[in-house]
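What follows is a short report on a single structure.
So that the names make sense, note that chain A is the first sequence line, chain B the second, and so on, each numbered from 1.
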Amino acid sequence: MTHDLFSNFQSRGLVHQSTDPDALRQWLAGGSRRVYAGFDPTADSLHVGHLVALMLLRRVAAAGHEPVALVGGATGMIGDPSGRSEERNLLSPAELAANVAGVERQIRAILETTGQTVHVVNNADWMRGVGYLEFLRDVGKHVPLSQMLGKDSVKSRLERDGGLSYTEFSYMLLQAWDFVHLSDALDCRVQIGGSDQWGNITAGIELGRRLRARDLHGITCPLLTKADGTKMGKTASGAIWLDPRRTSPYRFYQYWINLDDDDAGRCAERLTELPLDALTSLAALRTANPAARDTQKRLAEELTRLVHGEQGLTAARQATAIFFGAEIGGLDDAALAEIFADVPSREFARTALDGDGLPLVEALEATGLAATKSAARRTIEQGGAYVNNRRINDVAHRLKAAELSGTATLVLRSGKKSYALARFL
RNA sequence: GGGGAGUUUCCCGAGCGGUCAAAGGGGUCAGACUGUAAAUCUGAUGGCUAUGCCUUCGCAGGUUCGAAUCCUGCACUCCCCA
């Protein structure tokens, strides 16, 4: 177990900016410390973009310190302008409460497996009772405007057409106060976050010095972006979420499998707990035999297990085998439903299979795999139609009960990747 | 206000009385190849109860055995001159 957390971060490329490294090391060397990172509940689930911060906290735990995860029930009502080009829409209190609950659950699930004591706190708990005048006198008074205006998050927004509202402008005061509050309540003196958080973190450090004459520390890690410049965790069809109801374990797994080599290497470094020598040998394998995609596989495995558990990983792997050609058989309806969670399905009357059966052409059209029956015919003629992953070349093919996998399901496929379930009830 | 050009299938764009469901390109889909990448190559690409039938070429009428193609009116777009 590494005790020098800061060096551990550095060796994995996780330090973008930090306050004085010597002071930081010294504080962390003093025993079991508390280190915090904040999560704003903008949705009822975290997504892949939050994994860096979650992993930072796991590393904190692994180094023998206690991770503190702050869920922004209060700050979430305002919206962080950092790294944003436009004013946020405010969430309703009900939405926010649901989001807080969802995010808290995920954070606990991921951090508690470290075995270390985990603190999950909600800044609404200490912000709620604070009056506006009180806040201005106790906090606002100690933050110079020049300092606030100097932050990148504010400057960049002021230069834009949209500007920013007073509300979002004030966001950093809340986060600054959070830091000071946590240093009071938990003796938590280190805050970590993405590089876009530097302004907010230093605001808290300043405030701690002015208000408490206390030394607070901060580390930011580089934002994880893909080689093509897009944000990590965003796909054409939307974000990759940690909640299996939003993103199935299979799609989550596949996201990592499909990363290009450089991105996969960086993610393995920053998002997994693989030891450094394992990373080195993966890098060697990547150069020697890129086609094997060992890094992607290992990364997908580690992260899927972390987020969805051993069971989720098994399901994702099973789905992967099937999606890449394995014939389908011996799976019951429940397993099929789980594996094909992302796949559109369409229900038919059971009786459609009786007699001559249901023309494949019709099934392809009804499930949306083909836009029209003509298109369905074409697909079949060109060898792109599959039932239970067996290619069907006969345009006149009719589906019969004997072909069902499970008791009521047929897996239809068009081309390499488009699947649909036909369920006969 | 005057003069000119145009409106074609998902997009761009040819067609200018029958051989037009309409060239070519793009896109899309499928196949081969491949690392579940990129590129490349091949095929397909209005619909259907399908060797035929129906619908499509701005809209509405008309001429003709027959119109995306000719005529009339209408709508919209663009350019030039005032």
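With C1' as the reference atom, B:rA21 and B:rA68 are 11 Å apart, rounded to whole Å. The gap from the P atom of B:rG25 to that of B:rU40 amounts to 14 Å, rounded to the nearest Å. Nucleotides B:rU8 and B:rG3 place their C1' atoms 26 Å apart, quoted to the nearest Å. Comparing the C1' positions of B:rU9 and B:rG58 gives an interatomic distance of 14 Å, to the nearest angstrom. The same atom, P, is picked in B:rA23 and in B:rG43; the two are 15 Å apart, to the nearest Å. Going from the C1' atom of B:rC41 to that of B:rC33 covers 8 Å, rounded to whole Å. Taking atom P on both B:rU55 and B:rG61, the two are 15 Å apart, rounded to the nearest angstrom. Rounded to the nearest Å, the gap between the C1' atom of B:rU56 and that of B:rA39 is 36 Å.
With RNA chain B read from its 5' end, the first of the two nearest nucleotides for A:E365 and A:Y250 is the one closest to A:Y250. In terms of position along RNA chain B, the nucleotide closest to A:I257 lies nearer the 5' end than the nucleotide closest to the other residue of the pair A:I257 and A:T372.
Base-pair partner of B:rG1: B:rC81 (Watson-Crick or G-U wobble, both distances under 3.5 Å). When Watson-Crick and G-U wobble pairs are counted only if both distances are under 3.5 Å, B:rU51 pairs with no nucleotide at all. The pairing partner recorded for B:rA67 is none, the criterion being a Watson-Crick or G-U wobble arrangement whose two distances lie under 3.5 angstrom. Here B:rA30 sits opposite B:rU42 as a Watson-Crick or G-U wobble pair (both hydrogen-bonding atom distances under 3.5 Å). The nucleotide B:rC20 finds no pairing partner, because no Watson-Crick or G-U wobble arrangement with both distances shorter than 3.5 Å includes it. The nucleotide B:rU7 finds its pairing partner in B:rA75, both defining distances of the Watson-Crick or G-U wobble pair being shorter than 3.5 Å. Across all strands shown, B:rU36 remains unpaired; no Watson-Crick or G-U wobble contact has both distances below 3.5 Å.
In this structure, A:Q254 atom CD and B:rG35 atom C1' are separated by 13 Å, rounded to whole Å. As rounded to whole Å, 14 Å separates atom P of B:rU36 from atom OH of A:Y419. Whole-Å rounding puts the A:N289 CG to B:rA37 C1' distance at 15 Å. One can place CD of A:E362 at 11 Å from P of B:rC48, the figure rounded to the nearest angstrom. Distance, A:F323 CZ to B:rU36 C1': 12 Å, rounded to whole Å.
Evaluation of the side chain to side chain contact (heavy atoms under 4.5 Å, CB included) rule for A:D262 yields A:D260 as partners, not counting sequence neighbours.
No donor-acceptor distance shorter than 3.5 angstrom exists from the side chain of A:R12 to the backbone of A:R270, with no hydrogens or angles considered. In terms of modelled atom types and a separation under 3.5 Å, the side chain of A:D44 and the main chain of A:V103 share no donor-acceptor contact. Although no hydrogens or angles enter the test, the distance criterion places no donor-acceptor pair under 3.5 Å between the side chain of A:T247 and the main chain of A:D243. For A:N123 (side chain) and A:A74 (main-chain N/O), a donor-acceptor pair under 3.5 Å exists by modelled atom type. For the pair A:R398 (side chain) and A:G357 (backbone), a donor-acceptor distance under 3.5 Å is present. Judged purely by atom type and a 3.5 angstrom limit, A:N258 uses its side chain to pair as donor or acceptor with the backbone of A:Q254.
Note on A:K373: a side-chain N or O is less than 4.0 Å away from OP1 or OP2 of B:rU49. At B:rA37, none of the side-chain N or O atoms of A:R293 fall inside 4.0 Å of OP1 or OP2 (strictly under the cut-off).
The shortest distance between side-chain heavy atoms of A:L173 and A:M148 falls below 4.5 Å.
Picking from B:rU36, B:rG35, B:rC48 the nucleotide with the shortest atom distance to the side chain of A:Q296 gives B:rG35.
Side-chain contact check for A:T202 and A:K151: at least one donor-acceptor pair (N or O, by modelled atom type) lies under 3.5 Å. If you check the side chains of A:N389 and A:R413, you find a donor sitting under 3.5 Å from an acceptor.
Only A:N258, A:D261, listed by number, bring a heavy atom of residues 258-270 of chain A to less than 4.0 angstrom from any atom of RNA chain B.
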For nucleotides 20-32 of chain B, just jot down a letter per nucleotide in 5' to 3' order: B, S or -, based on protein non-hydrogen atoms under 4.0 Å. ----------SSS
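When A:V343, A:I339, A:D342, A:L412 are each tested for a side-chain contact (heavy atoms from CB on, under 4.5 Å) with A:Y419, only one passes: A:V343.
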